[in-house]
Amino acid sequence: MRLLLVEDDDHVAAALSAILAKHGFTVTHARNGEEALQAVLPTAQGERPSYGVILLDLGLPDQDGYQVCARIRKLTATPVIMVTARSDVRSRIHGLNLGADDYVVKPYDTGELLARIHAVSRRTGGPGADDTAGGTGSAAEATVLHLGAVTVELPTRRVSVGGEPVALTRKEFDLLALLAQRPGVVFRREQIISEVWQTSWEGTGRTLEVHVASLRSKLRMPALIETVRGVGYRLVPPAA
């Protein structure tokens, strides 16, 4: 996912960009409100930049972040997460009323920010939500994921490799479907446990490892699911 980070402090932006990059995001950095607005405008060729989420600091040097949010909302429907030290309820309500999709108060936990980014993207159908199946991007085609020789049919919960059906448990299918809908995107262990097992990470880490190992074995493709050390897993699409 590509993110637009609007942050005037270069040190903060560099640190956060490094963390986001580690989790599979591509970050474009805007240092003030004007740069942010320029970043969401169509190019001279008429192409509109595609961002999954905009992280917007409110304390910008050239104009107030609230004003920037209101102007961004007129230009694009890309979800906006305000990231600010303003913690009072009135500030939060004002930001949400201006069109922000979420509001995170500094200092924040990085894991929470990442979870909020993914949550907002899912709710708004961000980039990759409809076109990661490798097809034309229609809703019908997006329900069948083609990943090289692997086919994942979401409605019928069927999986095949080279046309041969593969029997998976319910959780194995849920895990594969989660990763397959966004190939190449790194999913944190905590996020996978939360979405597939509907519980917290505590005490379930070994369960996830066992299911990943089982999928690799059943699909006979050890390299299909890549371990990103210290972060989580991502699906690496095999050659057709």
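The model shown is predicted, which means the values in this text are computed figures rather than measured ones.
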Handout entry: Cluster link V186 to L235, ILVMFWY, side chain under 4.5 Å
Key = no

Handout entry: L176 and L219, any side-chain heavy atoms less than 4.5 Å apart
Key = yes

Handout entry: From CA spacing to verdict: salt bridge (Lys or Arg N to Asp or Glu O under 4.0 Å), E7, K106
Key = CA-CA 13 Å; E7 169 62 63; K106 298 178 181 178; 3.1 Å; yes

Exercise for the section: Find out whether E164 and V161 are in side-chain contact, i.e. whether some heavy atom of one side chain is under 4.5 Å from a heavy atom of the other. Expected result: no

Exercise for the section: Answer yes or no: is there a side-chain heavy-atom contact under 4.5 Å between M82 and Y66? Expected result: yes

Handout entry: Side chains of V185 and R234 in contact at under 4.5 Å (non-hydrogen atoms)
Key = no

Practice task
Kindly assign one of parallel, tilted or perpendicular to the pair F187 and H118, based on the angle between their ring planes and the thresholds 30° and 60°.
Solution key: parallel

Problem - Sidechain N-carboxylate O distance under 4.0 Å for D64, R71 - result: no

Problem - salt bridge (Lys or Arg N to Asp or Glu O under 4.0 Å) evaluation trace for E112 with R116 - result: CA-CA 6 Å; E112 180 185 1; R116 288 177 181 269; 2.8 Å; yes

Handout entry: Verdict with supporting geometry, D9 and R31, salt bridge (Lys or Arg N to Asp or Glu O under 4.0 Å)
Key = CA-CA 7 Å; D9 189 318; R31 293 173 174 80; over 6 Å; no

Practice task
Before accepting this row, confirm whether a basic side-chain N of the pair R92/D102 lies closer than 4.0 Å to the acidic partner's carboxylate O.
Solution key: no

Practice task
Not counting sequence neighbours, which residues clear ring pair (Phe, Tyr, Trp, His ring centres under 6.0 Å) with Y233? List them please.
Solution key: none

Exercise for the section: Sequence neighbours left out, what pairs pass ring pair (Phe, Tyr, Trp, His ring centres under 6.0 Å) with at least one residue falling in residues 96-117? Expected result: none

Handout entry: Joint cluster assignment, V236 & L208, ILVMFWY side-chain distance < 4.5 Å
Key = no

